[in-house]
Asker: 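Here it is, the structure, as structure tokens.
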Amino acid sequence: MTDINSLPFHLQLLVREYGHSTYLLIQGLKDIEDAAERTKRASAIVQLMLRLQPALRDLPEIQTRLWNHLHAMAGEDVALEAPVALRSLTVRTEKPSRVPYPRTAPKLRAYGAAIEALIAKALTLEDAAEREQATIQIGRTMKFLYRQHNKENAKDMTILRHMSELSGGQLKLDPAVVDSENLFEMPAAPAGSKPFIVPQPQQREGRDRREGRDRDNRGNGFGNKNGKKRKKGRSQEPQQPPQ
């Protein structure tokens with residue numbers, strides 16, 4: 001019996017997902033010499049894997065996922081004529097290349113490197129109208145980020161000065177036009193649209209508690225449909241005087 005802990009880590013996850021018995025069935029494919037019979041047996045095992053994990057039915061390209069899992073547990077030396085493309089197993093064993101960490105910090109920390117990338121992209125635009133629209137959108141984003149970082153609103157002149165510093169003086173807007181038309185403010189919601197109101201859970205809980213008390217009172221005999229208090233105990237008939 002194969003010790004699961006002795007397997008590579010990616011195989012341990014697959015064996016625990018589909019079971020040790022399924023792994024032994026997959027390992028038995030090595031003993032089948034006929035390629036057509038081996039593929040037919042592998043197709044039956046794929047159907048078994050789908051039954052063991054019925055929640056996978058809703059995933060896209062489920063057959064590709066199952067066949068590649070079977071291929072990983074069988075090994076590279078087991079040739080399969082799968083109906084889908086099988087990935088090389090070196091993807092699971094080789095370490096990914098190291099992603100270099102940025103060595104230079106952004107010039108203005110409040111905006112980050114993303115704004116610098118947007119400004120560099122805007123400088124490549126040759127059309128004057130497109131560059132102006134891009135500059136306005138970048139200014140709106142910079143003002144929003146400034147407000148989030150410093151917890152205070154920034155003046156338009158501050159945003160224009162920072163934009164000129166980051167772009168080397170190549171992105172410019174008329175300060176009077178920016179101020180008069182509020183170009184750096186986010187556009188208002190369209191007329192007629194209803195604002196989204198987050199439901200308050202406390203109000204709902206309080207209403208549920210009130211309804212629960214009303215149901216308890218009705219069940220305990222403290223109220224009826226007319227809202228009147230109901231007397232406890234059995235009603236007694238008036239006694240007749242002795243004859």
Asker: Do you know the tightest heavy-atom contact between E76 and S88?
Answerer: OE2-OG, 3.7 Å

Asker: Say you draw a straight line from CD1 of I115 to OG of S167; how long is it, rounded to the nearest 0.5 Å?
Answerer: 12.0 Å

Asker: Is there a side-chain contact between L70 and L29, using heavy atoms and a 4.5 Å cut-off?
Answerer: yes

Asker: Test side chain to side chain contact (heavy atoms under 4.5 Å, CB included) on Q12 and E17 and set out the steps.
Answerer: CA-CA 9 Å; Q12 294 183 25; E17 183 175 359; over 6 Å; no

Asker: Can you name the closest pair of heavy atoms from G139 and I159 and give their distance?
Answerer: O-CG2, 3.8 Å

Asker: Is a side-chain donor or acceptor of N68 paired with a backbone partner of L86 at a separation under 3.5 angstrom?
Answerer: no

Asker: To the nearest 0.5 Å, how far apart are CD1 in I45 and CG in L50?
Answerer: 14.0 Å

Asker: When rounded to the nearest 0.5 angstrom, what is the spacing between NE2 in H71 and CD1 in I26?
Answerer: 12.0 Å

Asker: Identify the two heavy atoms, one from L183 and one from R140, that lie closest to each other, and give their separation to 0.1 Å.
Answerer: O-NE, 2.6 Å

Asker: When clusters are formed by joining ILVMFWY residues with side-chain heavy atoms under 4.5 Å apart, either directly or through shared neighbours, do L166 and L125 land in the same one?
Answerer: no

Asker: Which value, rounded to the nearest 0.5 Å, describes the distance between K121 atom NZ and I138 atom CD1?
Answerer: 11.5 Å

Asker: Heavy atoms only: give me the nearest A74-K30 pair and the separation to one decimal.
Answerer: O-CE, 3.4 Å

Asker: Take H69 and R65 through the test side chain to side chain contact (heavy atoms under 4.5 Å, CB included) and record every step on the way to the result.
Answerer: CA-CA 6 Å; H69 286 178; R65 177 190 177 107; 3.6 Å; yes

Asker: Is the shortest heavy-atom distance from the side chain of K143 to the side chain of N153 under 4.5 Å?
Answerer: yes

Asker: Minimum heavy-atom separation for A72 to L14, with atom names?
Answerer: CB-CD1, 3.8 Å

Asker: Using the side chain to side chain contact (heavy atoms under 4.5 Å, CB included) rule, take Y18 and L66 through it: C-alpha gap first, then chi angles, then the decisive distance, then the call.
Answerer: CA-CA 10 Å; Y18 299 104; L66 292 176; 3.5 Å; yes

Asker: Can you tell me how far apart CG (L48) and OG1 (T22) are? Round to the nearest 0.5 Å.
Answerer: 5.0 Å

Asker: Counting C-beta onward and ignoring hydrogens, is there a side-chain heavy-atom pair between Q63 and P83 closer than 4.5 Å?
Answerer: no

Asker: Does CD belonging to E33 count more than 12 external heavy atoms closer than 6.0 Å?
Answerer: no

Asker: Hey, what do you get for CD (Q27) to OH (Y23), rounding to the nearest 0.5 Å?
Answerer: 3.5 Å

Asker: Could you tell me whether the side chain of R57 reaches within less than 4.5 Å of the side chain of I62, counting heavy atoms only?
Answerer: no

Asker: Would you call K40-D34 a salt bridge at under 4.0 Å N-O?
Answerer: no

Asker: For L171, does its backbone N or O pair with a side-chain atom of T135 as donor and acceptor, under 3.5 Å?
Answerer: no

Asker: Any heavy-atom pair between the side chains of Q170 and M163 that's under 4.5 Å?
Answerer: no

Asker: Once you measure the plane-to-plane angle for Y111 and H162, does it fall in the parallel (<30°), tilted (30-60°) or perpendicular (>60°) bin?
Answerer: perpendicular

Asker: Which pair of non-hydrogen atoms, one from S180 and one from V177, has the smallest distance, and what is that distance?
Answerer: OG-O, 3.2 Å

Asker: Counting only heavy atoms from other residues, nucleotides and ligands, does the tally under 6.0 Å from CZ of R131 exceed 12?
Answerer: yes

Asker: Hey, are the side chains of R161 and E165 touching, using non-hydrogen atoms and a 4.5 Å cut-off?
Answerer: no

Asker: So, do P175 and D156 sit near enough that their side-chain heavy atoms are less than 4.5 Å apart?
Answerer: no

